[in-house]
Engineer: 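My questions will all concern the structure given below.
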Amino acid sequence: MSSPAVRVRFAPSPTGFLHVGGLRTALYNYLFARRTNGVFILRIEDTDRARYVEGAVENLVSTLRWAGIDFDEGPGKDGGVGPYVQSERLEIYRKHAESLFASGNAYYCFCTSVRLEEMRKQQDALRLPPKYDRHCAKLTPDEVSALIAAGTPRVLRLRVPVGATIRFHDVIRDDVEFSSDAIDDQVLIKSDGYPTYHLANVVDDHLMKVTHVIRGEEWLSSTPKHILLYGYFGWEKPVFAHLPLLLNPDRSKLSKRQGDVAVEEYRAKQYLREALVNFVALLGWNPGDDREIFQMEELIKEFSLERVGKSGAIFNQTKLGWLNEQHLRSKSDRELLGMLQCELAGSPFKEKTFPDAYLLSVITVMRERVSFMRDFVEKGAYFFEAPASYEEEMVRKRWTSESAGQMEHLVREFSLLTVPGPAEFESALHRSAQSLGVGNGVLIHGVRLAVSGVSGGPGIYEILAILGKDETITRIRAAISRLAPTAR
RNA sequence: GGCGCUAUCGUCUAACGGUUAGGACGGAGCCCUCUCAAGGCUCAAAUACGGGUUCGAUUCCCGUUAGCGCUACCA
């Protein structure tokens with residue numbers, strides 16, 4: 001007997017942007033689906049009209065696509081069990097809610113929010129757990145019909161059994177059990193006719209033939225309600241896997257105001273999709289060995305729910321930065337070329353054009369020194385324009401009363417070069433140093449200051465060769481006339 | 001408050017009863033070197049606490065503590 005094909009879903013609410021925690025949940029579902037040749041569904045849970053944000057669905061979809069997570073079924077991609085947006089499935093929920101009422105497993109509640117609030121206040125005063133007091137569960141069928149006929153606002157509540165133990169198995173947490181007495185008679189249908197998460201989620205997961213529910217740990221406590229619903233409907237339960245939470249540095253649930261949580265923020269800061277995906281994949285999962293750098297394909301090959309941990313993980317941006325550098329460096333020069341051209345198009349140098357060969361040589365010398373694409377333009381600005389100013393500290397340290405004369409000598413030596421490659425610049429500089437009777441370092445630092453204006457960067461001979469003989473000489477002359485000697 | 005989940009270096013984690021408790025990020029130092037990086041090497045750094053079970057516990061059980069989650073007509 002073969003088990004049915006795996007079907008999993010990511011079911012976000014369109015309340016804004018994709019959260020990095022949501023990204024990880026989506027990723028684990030996606031990896032599990034791909035790993036098992038299953039189906040990955042995107043379902044939009046927009047049953048809370050008050051929290052709906054315009055454009056959030058489009059944003060979710062495009063952010064997921066950016067991350068390399070594509071869904072097999074979802075909005076605009078029907079697999080036969082749609083629609084995949086809950087607000088378009090109201091009739092389905094209404095019918096299922098009615099069957100629950102008919103079977104006696106749910107009841108209508110006409111309590112006003114005022115009464116509910118009053119009730120909670122009393123419970124709080126008596127230090128009792130806040131729970132619906134089942135006032136309306138005691139209504140007779142006639143009373144219920146009369147209230148409905150009168151058009152009294154109502155909700156449908158789940159009838160939770162008394163004194164029962166609800167057990168279920170979780171792939172990550174093993175066997176979990178709750179006493180039904182701790183569970184509230186959950187509202188299933190709100191007074192506006194919309195279902196709550198609990199009803200919609202269970203109905204959809206069943207109708208969409210979802211086999212594995214992989215979601216955040218914040219849902220563990222409400223799973224008993226879902227178990228009850230599966231039982232009342234007579235449906236087979238899916239496999240549950242509750243993922244550990246992503247945490248702020250202070251160990252609270254990852255939230256705004258303690259760093260960035262929106263995937264687009266990281267995207268805007270130029271973190272590579274590969275790095276972000278790699279990073280969140282490792283927050284709660286590991287391959288069982290020491291490997292840490294993964295491409296999506298490798299994650300698909302290695303992922304398993306069995307290797308997902310149980311404890312929350314702090315979202316550590318420092319390590320994300322490292323991972324980003326690793327992924328950036330693993331890109332080919334050709335790939336980086338396209339990215340650099342993009343970067344230049346949005347830079348102060350967008351009016352200038354540079355030959356591919358020139359950009360490629362800049363990439364060769366800069367790739368080990370950058371963390372983000374913008375660093376090519378920021379840290380390596382001197383490859384794209386002559387320095388407008390010179391680093392003060394560097395001038396103080398490296399530009400002495402002798403510097404101008406030394407640089408003049410260097411210019412004469414450089415102007416003789418017929419093949420201005422790195423090796424030629426090097427030996428020319430050596431000759432200059434020798435005849436001036438100074439160490440190579442003196443000239444090296446001086447010329448670095450003159451051509452780049454900054455203290456750090458690739459090897460000086462590489463820089464000179466890339467800039468070319470003419471540009472090098474022009475820049476040195478400019479520095480001679482612009483820099484006043486400083487006393488050492 | 002109630003219920004639930006969790007607990008190994010600062011952080012992410014490995015160990016599925018027997019290891020000098022391993023790796024990675026970050027930190028410190030050294031090497032390389034014209035600078036800045038990258039890279040290599042080295043060092044510091046952990047089993048929350050208390051009881052069991054066992055010849056032997058990071059590992060299994062119980063308790064304590066702590067953290068987190070849930071406790072809505074939010075998801």
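Here is how names work: the chains are called A, B, and so on, in the same order as the sequence lines, proteins then strands, and each is numbered from 1.
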Engineer: For A:His242 and A:Thr223: C-alpha separation, side-chain torsions, deciding distance, then whether side-chain hydrogen bond (donor to acceptor under 3.5 Å, both in side chains) applies.
Structural biologist: CA-CA 10 Å; A:His242 287 94; A:Thr223 304; 3.2 Å; yes
Engineer: With P as the reference atom in both, quote the distance from B:A21 to B:A48 in angstrom, rounded to an integer.
Structural biologist: 15 Å
Engineer: Taking any strand in view, what nucleotide pairs with B:U53 in a Watson-Crick or G-U wobble way, both distances under 3.5 Å?
Structural biologist: none
Engineer: By ring pair (Phe, Tyr, Trp, His ring centres under 6.0 Å), which residues pair with A:Phe376, not counting sequence neighbours?
Structural biologist: none
Engineer: For the residue pair A:Phe414 and A:Phe425, is the inter-centroid distance of their aromatic rings smaller than 6.0 Å?
Structural biologist: yes
Engineer: If you take the centroid of each ring, where Trp contributes its six-membered ring, are A:Tyr28 and A:Phe303 closer together than 6.0 Å?
Structural biologist: yes
Engineer: Counting only Watson-Crick pairs (N1-N3 plus N6-O4 or O6-N4) and G-U wobbles (N1-O2, O6-N3), all under 3.5 Å, who is the partner of B:U59?
Structural biologist: none
Engineer: Would you say A:Lys190 reaches B:C74's phosphate, i.e. side-chain N/O to OP1/OP2 under 4.0 Å?
Structural biologist: yes
Engineer: Kindly say whether the aromatic ring centers of A:Tyr390 and A:Trp399 come within a distance under 6.0 Å.
Structural biologist: no
Engineer: Relative to A:Tyr52, does A:Arg49 satisfy both conditions: NZ or CZ under 6.0 angstrom from the six-membered ring centre, and within 45 degrees of the ring's axis?
Structural biologist: no
Engineer: Given the side-chain rings of A:Tyr271 and A:Phe279, with only the six-membered ring counted for Trp, is the space between their centroids under 6.0 Å?
Structural biologist: no
Engineer: Taking any strand in view, what nucleotide pairs with B:G39 in a Watson-Crick or G-U wobble way, both distances under 3.5 Å?
Structural biologist: B:C31
Engineer: If you pin A:Ile172 and A:Ser222 to their nearest nucleotides in RNA chain B, which one's is more 5'?
Structural biologist: A:Ile172
Engineer: Determine which pairs satisfy side chain to side chain donor-acceptor pair (under 3.5 Å) with at least one residue from residues 182-191 of chain A, sequence neighbours left out, and list them in order.
Structural biologist: A:Tyr107-A:Asp185, A:Arg134-A:Asp185, A:Gln186-A:Lys225
Engineer: Scan nucleotides 3-5 of chain B against the protein and return all N/O pairs shorter than 3.5 Å with their distances rounded to 0.1 Å.
Structural biologist:
residue : atom : partner  : partner atom : Å
B:C5    : O2'  : A:Arg173 : NH1          : 2.7
B:C5    : O2'  : A:Glu217 : OE2          : 3.0

Engineer: My understanding is that only residues two or more places apart in sequence, or in another chain, count here; which of them pass ring pair (Phe, Tyr, Trp, His ring centres under 6.0 Å) with A:Tyr84?
Structural biologist: none
Engineer: Go through the side-chain N and O atoms of A:Ser13 and A:Glu45 and say whether any donor and acceptor fall under 3.5 Å apart.
Structural biologist: no
Engineer: Quick one: sort the A:Phe178 and A:Phe168 rings into parallel, tilted or perpendicular, breaks at 30° and 60°.
Structural biologist: parallel
Engineer: Between B:A15 and B:G23, how far apart are the two C1' atoms, rounded to whole Å?
Structural biologist: 12 Å
Engineer: Determine, for nucleotides 28-47 of chain B in 5'-to-3' order, which nucleotides have protein heavy atoms under 4.0 Å from the base (write B), from only the sugar-phosphate (write S), or from neither (write -).
Structural biologist: ------BBBBS---------
Engineer: Under a 3.5 Å cut-off for both contacts, is B:C68 paired Watson-Crick or G-U wobble with anything, and if yes, with which nucleotide?
Structural biologist: B:G4
Engineer: Distance check, C1' atoms only: B:U58 and B:C74, in whole angstrom units.
Structural biologist: 40 Å
Engineer: Does a side-chain N or O of A:Arg120 approach OP1 or OP2 of B:C73 to a distance below 4.0 Å, or not?
Structural biologist: yes
Engineer: Taking A:Asp333 first and then A:Arg367, would you say they form a salt bridge - that is, a charged N and a carboxylate O separated by under 4.0 Å?
Structural biologist: yes
Engineer: If we call it a pair only when both distances are under 3.5 Å in a Watson-Crick or G-U wobble match, what pairs with B:C16?
Structural biologist: none
Engineer: Strictly by Watson-Crick or wobble contacts shorter than 3.5 Å, is anything paired with B:A24, and which nucleotide is it?
Structural biologist: B:U11
Engineer: If we take the C1' atom in both B:U65 and B:G27, what is their distance in whole Å?
Structural biologist: 30 Å
Engineer: Encode nucleotides 9-14 of chain B as B, S and - characters from 5' to 3', where the letter depends on protein heavy atoms closer than 4.0 Å: B to the base, S only to sugar-phosphate, - to neither.
Structural biologist: --SSSS
Engineer: What's the gap between B:C60 and B:C16 when it is taken at their P atoms, as a whole Å value?
Structural biologist: 12 Å
Engineer: Which whole number of Å gives the distance between the C1' atom of B:C12 and that of B:A7?
Structural biologist: 15 Å
Engineer: Measuring only the P atom in each nucleotide, how far is B:G22 from B:C43? A whole number of Å is fine.
Structural biologist: 11 Å
Engineer: Can you check the distance between B:A14 and B:U8, where both ends of the measurement are the P atom (answer in whole Å)?
Structural biologist: 10 Å
